*Asks:* 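Below is one structure. I have some questions about it.
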Amino acid sequence: MTAKGQSYVILADVRRALHLLYREDPESSAKSSLLRLFEDDLTPIDTRGRWRPSKLLVILAGVGLTAAGVFVYFSVTR
């Protein structure tokens, strides 16, 4: 038996409530999670208000582009 004023929980109401809860959660957004993952740990926002990438990410991207350039250079010139 249910007390007066109480009713059963409907699955659609639970889904709607969870959707509203997770829509506002910044950790559930893939874009914001990736930006937070690749941002600079010390100063994620510079003085102009722009996003700053991690120094490690910039170094790895440079090394990867250099390796790809060397590979293309030696495979095309042969």
Side-chain angles (χ1 to χ4, degrees):
M1 289 190 107
T2 60
K4 188 175 182 179
Q6 291 182 345
S7 62
Y8 292 105
V9 177
I10 300 173
L11 185 60
D13 292 338
V14 173
R15 285 184 180 158
R16 191 176 312 113
L18 285 173
H19 179 70
L20 290 173
L21 177 71
Y22 283 114
R23 181 175 59 182
E24 297 172 3
D25 185 22
E27 292 181 359
S28 64
S29 170
K31 180 183 174 186
S32 63
S33 295
L34 283 175
L35 284 177
R36 211 172 324 111
L37 178 67
F38 294 131
E39 71 187 4
D40 190 9
D41 292 333
L42 298 177
T43 53
I45 305 294
D46 65 0
T47 56
R48 295 182 182 169
R50 293 183 297 187
W51 177 78
R52 291 183 59 180
S54 171
K55 290 174 182 55
L56 180 62
L57 179 68
V58 172
I59 291 170
L60 288 177
V63 169
L65 285 174
T66 303
V70 168
F71 174 76
V72 168
Y73 175 76
F74 283 113
S75 63
V76 170
T77 58
R78 288 192 84 186

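Start at 1 with the first residue, then count along the sequence. Note that the coordinates shown come from a computational prediction; the quantities given were computed from them, not determined experimentally.
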*Asks:* For a 4.5 angstrom cut-off between non-hydrogen side-chain atoms, does Leu18 reach Arg15?
*Replies:* no
*Asks:* Please report the closest heavy-atom contact between Thr66 and Gly62, naming both atoms and the distance.
*Replies:* OG1-O, 2.8 Å
*Asks:* Taking all non-hydrogen atoms of both residues into account, name the closest pair between Phe38 and Trp51 and its distance.
*Replies:* O-CZ2, 3.5 Å
*Asks:* Find out if a path of hydrophobic residues (ILVMFWY) with successive side-chain heavy-atom gaps under 4.5 Å connects Val70 to Val76.
*Replies:* no
*Asks:* Search all heavy atoms of Lys55 against all heavy atoms of Asp40 and return the closest pair with its distance.
*Replies:* NZ-OD2, 3.3 Å
*Asks:* Determine the minimum heavy-atom distance between Pro53 and Val58, stating which atoms define it.
*Replies:* CG-CG2, 3.9 Å
